[in-house]
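Beneath this line is the structure, given in structure tokens, with notes to follow.
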Amino acid sequence: MTGGKRYRRVAAVGLVVGLVLAALPSLSASAQDRDERGLFTGSIGSFRLFGGGPPAPPVPVSKDDWSGESGGSGHPLMQADAIRAAAANFANCLAGYWPDAARRGVARATFETATRDLTPDLKIMDLMDAQPEFTKALWDYLDMLVSDARIKRGREILAANKPTFDAVEKAYGVDRHVVAAIWGIESNYSTAIGERAVLRSVATLACVGRRQGYFKEEFLATLEILNRGDVAPDRLKGSWAGAFGPTQFMPTAFKRYAVDFDGDGRRDVVDSVPDLVASTANNLKVDGWKAGETWGYEVVVPQGFDYLLADSARPMTLREWEHRGLRRANGKAFPRPADKAYLFVPAGARGPAFLMLNNFRVIMKYNPAEAYALAIGHLADRLRGDPSLVGAWPRDERVLTSAERYELQQLLIGLGFDIGGEPNGRINARTRNALKRYQLAAGLVPDGFATAGLLERLRAGGIARR
């Protein structure tokens with residue numbers, strides 16, 4: 001993950017994506033929450049921002065906001081004392097960014113106005129380093145995001161803005177239904193954009209916590225947005241990590257992809273439908289979207305199939321998959337048999353299976369989570385008028401807790417299976433591959449799906465690697 005894409009998922013969908021983090025590959029936890037009242041009293045004078053006067057004194061923290069506790073990651077900069085010290089040095093930290101802002105063409109008046117009364121929002125430290133339990137299954141996640149209400153509203157959005165979608169689709173070659181799906185899932189069609197001031201959020205993270213280097217770029221990019229006047233300061237609101245607008249652009253992603261499609265001289269991805277639709281489409285196009293192609297196909301896997309082939313690192317042509325017995329779930333032929341795809345079985349052999357094409361990987365560049373990309377693709381299909389998925393989910397399966405997933409990884413290591421690192425409670429591709437090897441050795445279907453039954457078998461004493 002690079003750039004703004006790491007934190008873009010802290011839009012409204014971020015909360016839901018977080019819920020399924022541990023049950024699925026490639027997900028990370030993020031969450032948007034409502035804006036909180038200020039954590040500090042008083043203001044920091046602008047004279048301190050430019051080097052005059054003594055260092056800022058410690059700033060009192062409201063006990064009702066930041067917990068005052070160290071973060072769950074154990075990182076030195078997320079320790080409570082380090083957070084307090086960084087908060088006390090907040091004004092000096094911001095002042096230190098002025099030369100960088102000036103080199104990017106930010107006017108001193110813009111910088112001073114933007115930072116004069118800025119105070120850190122330390123509640124973000126709790127959100128950034130939270131380690132909650134995730135118990136939402138993928139099927140519940142899809143039920144929530146690809147709902148009848150969201151489909152209905154998305155079709156209304158497409159109809160009401162048809163001239164815009166026509167023009168954008170012609171200009172960028174990106175499927176309008178995918179753009180509308182991103183709009184719907186990221187912010188529920190602009191109803192859950194986020195209420196935190198982006199500048200305050202990214203300034204806090206640029207000066208406090210374990211990701212200061214990353215968020216320095218987001219802070220400076222935000223100043224550039226304000227300096228250009230693309231988005232009004234009072235409209236630049238979003239998630240705790242700075243993602244803003246109906247399709248949730250991080251400030252650096254805005255710099256790379258935002259376009260002025262309505263021709264008013266501003267790239268307004270918050271209030272201009274043409275700009276936000278075109279900017280989202282441009283993002284996907286730049287990331288490699290192939291015009292006229294879909295994201296993937298639901299398929300039926302034959303009995304006795306070798307699930308070791310279900311690996312994103314082992315793509316084959318659709319024709320080759322057909323030779324191995326896979327067929328589209330709707331019975332139709334693959335329109336371009338030479339296209340390459342990989343097999344994705346997010347719920348193992350008992351759940352639906354999918355062949356994922358290039359455009360699926362492009363959606364994952366927008367948000368690097370297979371569950372998210374699957375939701376976008378499926379919602380896009382439903383907006384187009386396609387039916388729901390054919391395959392049934394194993395709804396009787398219980399999602400493992402974080403502690404159980406950590407234990408599962410420890411047990412696999414103890415039996416000699418390589419999970420690609422230390423146990424962390426996240427079932428990634430390396431853990432799935434280790435689990436497949438264990439299943440194969442145990443005479444089970446090697447689908448890599450971490451279930452409570454597999455954990456019980458491992459606890460009872462599994463089969464050593466061979």
Side-chain angles (χ1 to χ4, degrees), residues 9 13-31 72-74 129-145 307-308 310-312 343-354 368-375 391-465:
R9 61 186 171 281
V13 68
L15 176 58
V16 188
V17 171
L19 292 172
V20 292
L21 162 66
L24 301 166
S26 306
L27 278 84
S28 311
S30 300
S73 69
D129 230 27
Q131 293 185 333
E133 285 292 296
F134 301 109
T135 58
K136 204 76 171 178
L138 173 57
W139 41 92
D140 293 327
Y141 170 72
L142 291 177
D143 288 347
M144 185 181 303
L145 291 185
Y307 280 92
L308 293 176
D311 187 334
S312 62
L343 182 61
F344 179 43
V345 286
R350 294 181 59 209
F354 306 89
E370 285 169 320
Y372 171 91
L374 179 59
W393 296 102
R395 295 179 181 271
D396 58 312
E397 289 286 0
R398 179 180 65 81
V399 176
L400 298 181
T401 67
S402 179
E404 287 173 328
R405 293 188 303 274
Y406 187 91
E407 180 187 0
L408 180 141
Q409 290 175 317
Q410 286 183 309
L411 292 169
L412 284 171
I413 290 174
L415 291 171
F417 294 96
D418 179 17
I419 68 167
E422 295 297 318
N424 59 10
R426 298 180 181 180
I427 307 300
N428 58 19
R430 295 292 295 270
T431 299
R432 291 202 310 275
N433 286 336
L435 195 53
K436 286 179 183 180
R437 292 193 295 273
Y438 165 76
Q439 290 171 311
L440 192 64
L444 305 172
V445 176
D447 60 8
F449 186 39
T451 65
L454 274 177
L455 177 59
E456 288 301 322
R457 179 183 283 263
L458 283 163
R459 285 170 173 167
I463 299 171
R465 178 176 58 83

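One is the number of the first residue; the rest follow in order along the sequence. Atom set for the values below is all heavy atoms of this structure, side chains included, hydrogens, waters and symmetry mates excluded.
- For the pair G351 and P394, the tightest heavy-atom approach, listed with the atom from each and the gap, is CA-CD, 3.9 Å.
- When side chains are defined from C-beta on, I427 does not count as touching L400, because their heavy atoms never get closer than 4.5 Å.
- Note: L412 CG to R437 CZ = 9.0 Å, rounded to the nearest 0.5 Å.
- Taking CD from E422 and CD from Q410, the interatomic distance works out to 9.5 Å, rounded to the nearest 0.5 Å.
- Within the 3.5 Å criterion, the main-chain N or O of A137 finds no donor-acceptor partner in the side chain of R395.
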One pair to check against side-chain contact (heavy atoms from CB on, under 4.5 Å): V445 and Y307. What are the steps and the verdict?
CA-CA 7 Å; V445 176; Y307 280 92; 3.6 Å; yes
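- To the nearest 0.5 Å, atom CG of residue N433 and atom CG of residue D311 are 5.0 Å apart.
- The two residues A450 and L408 come nearest to each other via the heavy atoms CB-CD1, 4.2 Å.
- Listed here is the closest heavy atom pair of S73 and D129: OG-OD2, 2.6 Å.
- To the nearest 0.5 Å, the span separating CG on L440 from CG on L435 amounts to 11.5 Å.
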Go through the steps for V399 and D140 under the test side-chain contact (heavy atoms from CB on, under 4.5 Å), then give the verdict.
CA-CA 11 Å; V399 176; D140 293 327; over 6 Å; no
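- Closest heavy-atom contact between Q409 and T431: NE2-OG1, 3.1 Å.
- In this structure, the side chains of E407 and L458 stay at 4.5 Å or more apart for every pair of heavy atoms.
- The distance from the CG atom of N424 to the CD1 atom of I419 is 6.5 Å, given to the nearest 0.5 Å.
- In this structure, A375 and L145 approach most closely via the heavy-atom pair CB-CD1, 4.3 Å.
- By the 30° and 60° cut-offs, the orientation of the rings of F417 relative to Y438 is perpendicular.
- Within the 3.5 Å criterion, the main-chain N or O of G448 finds a donor-acceptor partner in the side chain of Q439.
- No side-chain N or O of T451 forms a donor-acceptor pair with one of E397 less than 3.5 Å apart.
- Within 6.0 Å of the CD atom in E456, the count of heavy atoms belonging to other residues, nucleotides or ligands exceeds 12.
- Of all heavy-atom pairs spanning A310 and K436, the tightest one is O-NZ, 2.5 Å.
- Using a 4.5 Å heavy-atom cutoff, the side chains of R459 and L411 are in contact.
- L138 has its side chain within reach of W393: a pair of non-hydrogen atoms, C-beta onward, lies under 4.5 Å apart.
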